[in-house]
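Throughout, protein chains are lettered first and strands after them, A, B, ... in sequence-line order, and every chain is numbered starting at 1.
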2 protein chains.
Amino acid sequence: MAQAIPFRQASPLKASCHQCSLSNLCLPLAIEENDLDRLEDIVQQGRIFNRGEHIFDQSTPYRSCFAVKSGSIKTSIITENGEEQVTGFFMPGELVGLDSIGSEHYACTAKALERTSVCEFPIDRLEELTGKLPELQHHMYHLMSQEIQNSHQLAMLLSKNTAEERIAALLLSLSSRFQRRRMSPTNFSLPMARNDIANFLGLAVETVSRVFTRFQNQGIIKARGREVELLDIEALQMVSREFSRQCNN
Amino acid sequence: MAQAIPFRQASPLKASCHQCSLSNLCLPLAIEENDLDRLEDIVQQGRIFNRGEHIFDQSTPYRSCFAVKSGSIKTSIITENGEEQVTGFFMPGELVGLDSIGSEHYACTAKALERTSVCEFPIDRLEELTGKLPELQHHMYHLMSQEIQNSHQLAMLLSKNTAEERIAALLLSLSSRFQRRRMSPTNFSLPMARNDIANFLGLAVETVSRVFTRFQNQGIIKARGREVELLDIEALQMVSREFSRQCNN
DNA sequence: GTACATAGTTGATATGGATCAACTCGGACG
DNA sequence: CGTCCGAGTTGATCCATATCAACTATGTAC
């Protein structure tokens, strides 16, 4: 047998968590080197979505959760009367779809904010695997509880904080998440539109815009469009009142 | 051996999920009759807390999650500057502490709103057990994702809805949770103070009070103190705009 | 039963951010 | 290179709810 392969075959995309630069942020984090193969067995790597494409849709039967490899994703809930509520932004190394694990259907819609590649973890196989690897199970619990906490933080932000505080908190959250990926924590480009920020933070677009310019006038940030430079992180932390990392992360 | 027992011994409280009237709402729901013993092995039943007592405290090392047997519990986060944010109310059959599973410390403080009895699930033994019982694991995932969704709903409520809508939604949520326990969905007594409601919904106490009287004047509810009667559920649903169950549940 | 504290209600006023409207910027496309 | 369109900014006005203040009801301790 050992049939010769005429050309380099299209990789079946069963590729390497081993080599992934994000493995220290993602699921492999929880796993011993020698168990990593078992995770690789179930993951489908490298699916690409263009800006605006849906990774999954609300009310669709739940199949998988996804890890962001590159790019970014926003999740949102659509209510019966058509209103949208952005529930989160997800950056490389972060897991999307945890809010639906164990449910029949996706609880939200996930949309690529830019060209984005993801790894897909089919839920039945993942549940099977977490049953066998206690560390992985523990890590899943941890990630999900983290998600609950994030959402509580968001609720707190929404109910107690001013527009300035909310935006400062978001900027700081993004900053620390860029930093975690060894990118500049002070100089980055926002993956989402003002509109999404406004929706996420429970504000009007106009308010977001005004706060941005106010911060700019105070010399706290420099912003042109989506390009942002944080000039005075200390000041941002003062504004955001609680120094904890809000929102996601 | 077979030593005679002189008096009826104090029960070691290894008691019966089998007989618990809430088993269809709680963890046993997920388990085959014959596996129920294994859950009973790890649960510590019947701990009682008086009104105002803490079931657990924020930043304390995480040990267990708790199921409410009777009474009710509120959870809240305290920020560095001493502000409190109520993150949820928990009624019989509901699980408290899911937001901390997999974490080192409790992410919130849980306080009994009235005389309350709980069942305690030590987390290490629970994780062990979920590793062995796939249905239980699945159920845990489901409960946790539910918790995320609830929190997202709360965030939505806080960012998009008026005071009246928020309060209507809360009343409806409580109503359906009472109903689930086969209690009157229209006639119940609020376990929490106006203050807690206000904090939870991101409103001032005065606003809560005003909305209650407004609803009363419109003949939608009848309220004296914590005693509430829902006179027109339809109307409440109209007010709460989205007909889904908000907040918890 | 009285007193004190706490929870809840009601009224008057202030304000942060929504809303409405007009304008500008930047990029895609012919 | 100009046109068009959505995204973003800026200004003026309005409103829901916070805030402040006074009062009432409820309940708890002596």
Atom CD1 of A:Ile197 and atom C1' of D:dG8: how far apart are they, to the nearest Å? 11 Å

Between D:dA16 atom C1' and B:Leu201 atom CG, what is the distance in whole Å? 16 Å

Distance check needed: D:dA7 C1' versus A:Arg194 CZ, whole Å only. 9 Å

In whole Å, I'd like the distance from the CD atom of B:Glu227 to the C1' atom of C:dA7. 15 Å

Check the surroundings of atom CZ in B:Arg181: do more than 12 heavy atoms from other residues, nucleotides or ligands lie under 6.0 Å from it? yes

So, does A:Thr213 get its side chain near the phosphate of D:dT10, meaning an N or O under 4.0 Å from OP1 or OP2? yes

Please confirm whether the backbone N or O of B:Thr186 pairs with a side-chain atom of B:Ser184, one donor and one acceptor, at under 3.5 Å? yes

Rounded to whole Å, the CG-C1' distance (A:Asp196 to D:dG8) equals 13 Å

Measure the distance from NZ on A:Lys160 to C1' on C:dG16 and round it to the nearest whole Å. 17 Å

Kindly check if the number of other-residue, nucleotide or ligand heavy atoms within 6.0 Å of CZ (B:Arg214) is above 12? yes

Between B:Phe66 and B:Phe121, is the ring centre distance below 6.0 Å? no

Roughly, in whole Å, what's the span from CZ in B:Phe212 to P in D:dT17? 15 Å

Electrostatic pair B:Arg47:B:Glu120 at N-O distance under 4.0 angstrom: yes

Within the sub-3.5 Å range, which N or O atoms of nucleotides 17-19 of chain C have a protein N or O partner, and how far apart are they?
| residue | atom | partner | partner atom | Å |
| --- | --- | --- | --- | --- |
| C:dG17 | OP1 | A:Ala163 | N | 2.7 |
| C:dA18 | OP1 | A:Gly202 | O | 3.4 |
| C:dA18 | OP1 | A:Ala204 | N | 3.1 |
| C:dA18 | OP2 | A:Ala204 | N | 3.2 |
| C:dA18 | OP2 | A:Thr207 | OG1 | 2.2 |
| C:dT19 | O4 | A:Arg210 | NH2 | 2.9 |

Note: A:Lys74-A:Glu84 ion pair, threshold 4.0 Å (strictly below): yes

To the nearest 0.5 Å, what is the distance between OG1 on A:Thr87 and CG on A:Leu154? 9.0 Å

In whole Å, I'd like the distance from the CD1 atom of B:Ile167 to the C1' atom of C:dG8. 13 Å

Nucleotide by nucleotide, nucleotides 22-30 of chain D touches protein heavy atoms under 4.0 Å in the pattern (B base, S sugar-phosphate only, - none) ---------

Taking the basic N atoms (NZ, or NE/NH1/NH2) and the acidic carboxylate oxygens, is any pair closer than 4.0 Å for B:Arg177 and B:Glu94? yes

May I ask you to decide if A:Pro185's main-chain N or O and A:Ser175's side chain share a donor-acceptor pair within less than 3.5 Å? yes

